[in-house]
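Note that the structure is a prediction, hence the values are computed from the model and not measured.
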Amino acid sequence: RSVVNITMNDSSIMLDELVVTAMGIKKERKALGYAVQDVKSEELMKSKTSNILNSLTGKIAGVSVISKGGAPGEGATIRIRGVGTLSNSEKSNPLIVVDGVPMDDISFLNTQDIESISVLKDASSAAVYGARAAFGVVLITTKTPDKDKTSITYSGDFAFKTPTTVPDFVTDGYTYSERFYEAYSAWNNYSATPKNINKSQTFSTAWLDTFKQRKEQGITDEYEIGSNGEYIYYGNTDYMKELYKDQTFAQDHNLSVSGSNGKLNYYVSGRYYGYDGLFRYNTDTYNTLNLRAKGSLQVFDWLRIDNNTDYSNLEYHNPLNVGEGGSIWRNIADEGHPSSPLFNPDGSLTMSGAYTIGDFIYGKNGLDTHKRILKNTTGFAAKFLDNKLRVNGDFTFSNTDNNSTQIRVPVPYSKVKDETIWLSTKYNDLKESVRATNYMAMNLYTEYEETFLDSHYFKGMVGYNYE
């Protein structure tokens with residue numbers, strides 16, 4: 001046959017899922033669900049993390065969550081479809097909206113309060129939220145109570161945590177010293193002998209020979225007093241073991257009460273998270289408290305009042321190391337010689353101890369952060385003319401206090417009994433930082449829709465926004 005007749009029949013597939021974005025505008029999901037994707041509460045609960053953004057890791061295509069570090073309360077960076085600019089990566093941050101209110105920091109949010117997270121990845125999100133949504137939008141919706149149901153929910157998590165990976169250093173003092181001597185000699189073409197192991201321990205070939213003899217004879221005493229009265233060390237110290245606990249304890253408690261009787265809906269929740277810290281001395285403790293009260297009242301058939309109050313309190317102690325002004329791990333790499341113990345016989349710190357873990361043992365250097373956030377949104381929804389005319393409005397205020405106290409003082413150590421030397425005397429200061437941020441926003445919009453002459457439909461909206 002040279003001619004084939006083909007007839008194609010119409011097939012209409014209706015989209016039955018909608019998502020409310022801003023100003024009451026509804027946006028249909030694409031059929032493949034790619035431009036707008038959701039993560040429900042059940043999925044978020046599977047990730048045992050104190051940061052809500054980390055719960056999104058691996059759950060949405062095209063969305064990358066990059067943790068800023070492993071410290072408690074450390075934030076994360078979210079990228080939707082990659083980085084938008086190379087000049088300033090912070091400009092690639094998506095807009096984050098919690099219950100209709102833009103937020104810069106959501107690390108304090110209680111994961112248990114989240115009903116769902118929607119991510120808008122296409123460019124049309126900018127048509128609703130403006131230029132701030134150029135790199136996508138993350139919409140977070142908190143829980144609301146089930147109708148005609150009262151429930152009390154408690155969950156508690158208790159965890160013992162251990163370091164995932166700890167560097168496997170040489171901890172035998174003689175082996176370390178002998179390898180140090182060989183490396184130093186080779187670096188100098190075997191034409192020089194070191195006088196010190198870096199800064200903090202005296203070295204000589206006679207001392208190395210004595211160390212070898214003591215090891216072969218099974219002598220475990222780590223100290224001698226030289227003819228000049230200074231301590232001589234023959235240690236076998238594992239500085240990483242002295243730095244970290246074998247395990248630490250964390251606890252997470254959540255309690256919520258919700259109910260509804262048709263006219264009054266309420267959801268009240270509280271959360272406490274405590275982390276005892278990973279360091280053995282002057283540890284990095286972290287505590288957060290979250291409270292939320294959310295409810296609505298149907299005052300009349302045509303008027304509903306809503307209110308959503310959220311309070312968060314965060315306290316974090318971060319121990320500081322001032323030995324060389326660098327990090328604790330860099331200072332251990334420089335001066336944490338296994339051949340030198342942490343303490344002298346009289347209980348004072350050795351010079352190697354003071355340069356490394358001594359700050360933590362001394363217990364006075366640290367940065368204490370205290371952050372408080374209070375946010376409240378009050379809104380109303382009114383309908384008139386058989387629900388043809390609708391008026392909606394809300395007012396939000398948010399107060400954030402972000403305070404910190406930093407203390408740096410010199411660390412004492414000894415080379416001779418009853419003689420104190422102070423390390424890093426240039427660090428002797430107290431720094432107080434007080435920051436307060438106040439935010440207000442108001443939305444008011446009116447919708448009117450009418451169907452007339454059976455086949456004509458009209459809908460219009462007028463809105464006002466203030467921030």
Would you say the side chain of F108 lies within less than 4.5 Å of the side chain of T288, judging by non-hydrogen atoms? no

Applying side chain to side chain donor-acceptor pair (under 3.5 Å) to Y316 and not counting sequence neighbours gives none

Are more than 12 heavy atoms from other residues, nucleotides or ligands located less than 6.0 Å from atom OH of Y466? no

### Salt-bridge contact K245-D276 (side-chain N to carboxylate O under 4.0 Å)
no

**Asked** In terms of side-chain heavy atoms, does Q201 have a donor or acceptor partner in S352 at a distance below 3.5 Å?
**Response** no

Take N321 and R330 through the side-chain hydrogen bond (donor to acceptor under 3.5 Å, both in side chains) test and state the conclusion after the steps.
-> CA-CA 10 Å; N321 180 272; R330 170 60 189 270; over 6 Å; no

Next item on the list: Using a cut-off of 6.0 Å, state whether more than 12 heavy atoms not belonging to D104 lie near its atom CG.
Entry: no

CG (N265) and NZ (K149) are apart, to the nearest 0.5 Å, by 13.5 Å

| query | Taking atom types as modelled and ignoring hydrogens, do the side chains of T377 and T396 form a donor-acceptor contact shorter than 3.5 angstrom? | reply | yes

Are F203 and H337 an aromatic pair, judged by ring center distance below 6.0 Å? no

Is there a donor-acceptor contact under 3.5 Å from the side chain of N188 to the main chain of Y190? no

The reported gap from OG1 in T356 to CH2 in W329 (rounded to nearest 0.5 angstrom) is 13.0 Å

Partner of F360 under ring pair (Phe, Tyr, Trp, His ring centres under 6.0 Å), picked from Y355, F279, Y239, is F279

Shortest non-hydrogen pair, P102 vs Y439, comes out as CD-OH, 3.7 Å

Indicate yes or no for a side-chain donor-acceptor contact from W422 to the backbone of Y413 under 3.5 Å, with no hydrogens or angles considered. no

To the nearest 0.5 Å, atom CD1 of I373 lies from atom CG of L314 at 8.0 Å

Can S258 and S151 be counted as having a side-chain donor-acceptor contact under 3.5 angstrom? yes

Test side chain to side chain donor-acceptor pair (under 3.5 Å), reference N254, set N110, D157, N290, output is N110

* Is there side-chain contact between L243 and M240, with heavy atoms separated by less than 4.5 Å? -> yes

Checklist line | Donor-acceptor under 3.5 Å (N196 side chain, K199 main chain) | finding: no

Quick one: does S177's side chain have a donor or acceptor within less than 3.5 Å of a partner on G173's backbone? yes

**Asked** How are the rings of Y184 and F180 set to each other: parallel, tilted or perpendicular (split at 30° and 60°)?
**Response** tilted

Q) Is a salt bridge present between E224 and R214, judged by a nitrogen-to-oxygen distance below 4.0 Å? A) yes

Within the distance-only criterion (no hydrogens, no angle test), does the side chain of R280 pair as donor or acceptor with the backbone N or O of Y244 below 3.5 angstrom? yes

*asked:* Are more than 12 heavy atoms, taken from residues, nucleotides or ligands other than I152, located less than 6.0 Å from that residue's CD1 atom?
replied: no

Any I80 side-chain heavy atom under 4.5 Å of V119 side chain: yes

Would you say D38 and S118 are linked by a side-chain donor-acceptor pair, where the criterion is simply a distance under 3.5 Å? yes

State whether the side chain of K294 and the backbone N or O of T142 hold a donor-acceptor pair below 3.5 Å, judged by distance alone. yes

| task | May I ask you to test the V63-I78 pair for a side-chain heavy-atom distance under 4.5 Å? | result | yes

| request: Identify whether the distance between the nearest side-chain nitrogen and carboxylate oxygen of K371 and D401 falls below 4.0 Å. | output: no

Within the side chain of T237, is there an N or O that forms a donor-acceptor pair under 3.5 Å with the backbone of S340? yes

query = Do N228 side-chain atoms and E230 backbone N/O form a donor-acceptor pair below 3.5 Å?
reply = yes

_Please tell me whether T162 and Q247 have a donor and an acceptor in their side chains that are separated by less than 3.5 angstrom._
no

### Note, Y281 side chain near T283 side chain (heavy atom, < 4.5 Å)
no

In terms of heavy-atom contacts, S185 and A192 come closest through OG-O, 4.0 Å

message: I'd like to know if the side chain of N189 reaches the main chain of S191, judged simply by a donor and an acceptor atom lying under 3.5 Å from each other, with no hydrogens or angles considered.
response: no

Requested in this report: Please check if any side-chain donor atom of D284 sits under 3.5 Å from a side-chain acceptor atom of N318, or the reverse.
Outcome: no

Review point. Are P341 and Y223 close enough that some pair of their side-chain heavy atoms sits under 4.5 Å apart?
Key: yes

Here the pair of heavy atoms bringing Y176 nearest to S339 is CD2-OG, 4.3 Å

* Asked: What is the ring orientation for F158 with H253, classed by angle as parallel under 30°, tilted 30 to 60°, or perpendicular over 60°?
  -> perpendicular

Note: L349 and P412 closest approach over all heavy atoms is CD1-O, 3.5 Å

Q.
Do T405 and D368 pair up side chain to side chain, a donor and an acceptor below 3.5 Å, judged on atom types alone?
A. no

| said: For M440, is the CE atom crowded, meaning more than 12 foreign heavy atoms sit under 6.0 Å from it? | reply: no

Is the backbone of Y427 close enough, under 3.5 Å, to the side chain of S424 for a donor and an acceptor to pair up by distance?
-> no

- Item | Side-chain donor-acceptor pair present, H370, N403, cut-off under 3.5 Å | no

Q: May I ask you to check whether Y267 and D113 show a side-chain donor-acceptor distance below 3.5 Å?
A: yes

Here the pair of heavy atoms bringing A354 nearest to V411 is CB-CG1, 4.2 Å

Looking only at heavy atoms, the pair that brings H317 and G366 closest together is CE1-CA, 4.1 Å

In short, salt bridge (charged side-chain N to carboxylate O under 4.0 Å, His left out) pairs touching residues 403-421 with sequence neighbours left out are R408-D429

Any side-chain donor paired with an acceptor under 3.5 Å for D238 and T171? no

* To do: Could you give me the CA-CA distance, side-chain angles and deciding distance for D334 and N198, then say whether side-chain hydrogen bond (donor to acceptor under 3.5 Å, both in side chains) is met?
  => CA-CA 7 Å; D334 288 346; N198 285 1; 5.0 Å; no

message: Strictly below 4.0 Å, N to O, side chains only: are D246 and K241 in salt-bridge contact?
response: yes

With side chain to side chain contact (heavy atoms under 4.5 Å, CB included) as the test, would you mind laying out the steps for I106 and V98 before giving the verdict?
CA-CA 9 Å; I106 61 170; V98 181; 4.0 Å; yes

Distance alone, cut at 3.5 Å: any donor-acceptor contact between the side chains of R372 and N399? no

Practice prompt. Kindly indicate, with the supporting measurements, whether the criterion side-chain hydrogen bond (donor to acceptor under 3.5 Å, both in side chains) is fulfilled by E335 and S200.
Written response: CA-CA 6 Å; E335 303 297 342; S200 57; 2.7 Å; yes

Within-4.5 Å side-chain heavy-atom neighbours: N307 and N376
yes

*asked:* Does either side chain, that of Y275 or that of Q251, offer a donor lying less than 3.5 Å from an acceptor on the other one?
replied: no

Inset, instruction - Would you please classify the geometry between the Y234 ring and the F211 ring as parallel, tilted or perpendicular, with 30° and 60° separating the classes? - result: perpendicular

Distance col, row I114:CD1 vs I140:CD1, nearest 0.5 angstrom, shows 5.5 Å

| query | Are side-chain heavy atoms of L208 and Y181 found at a separation under 4.5 Å? | reply | yes

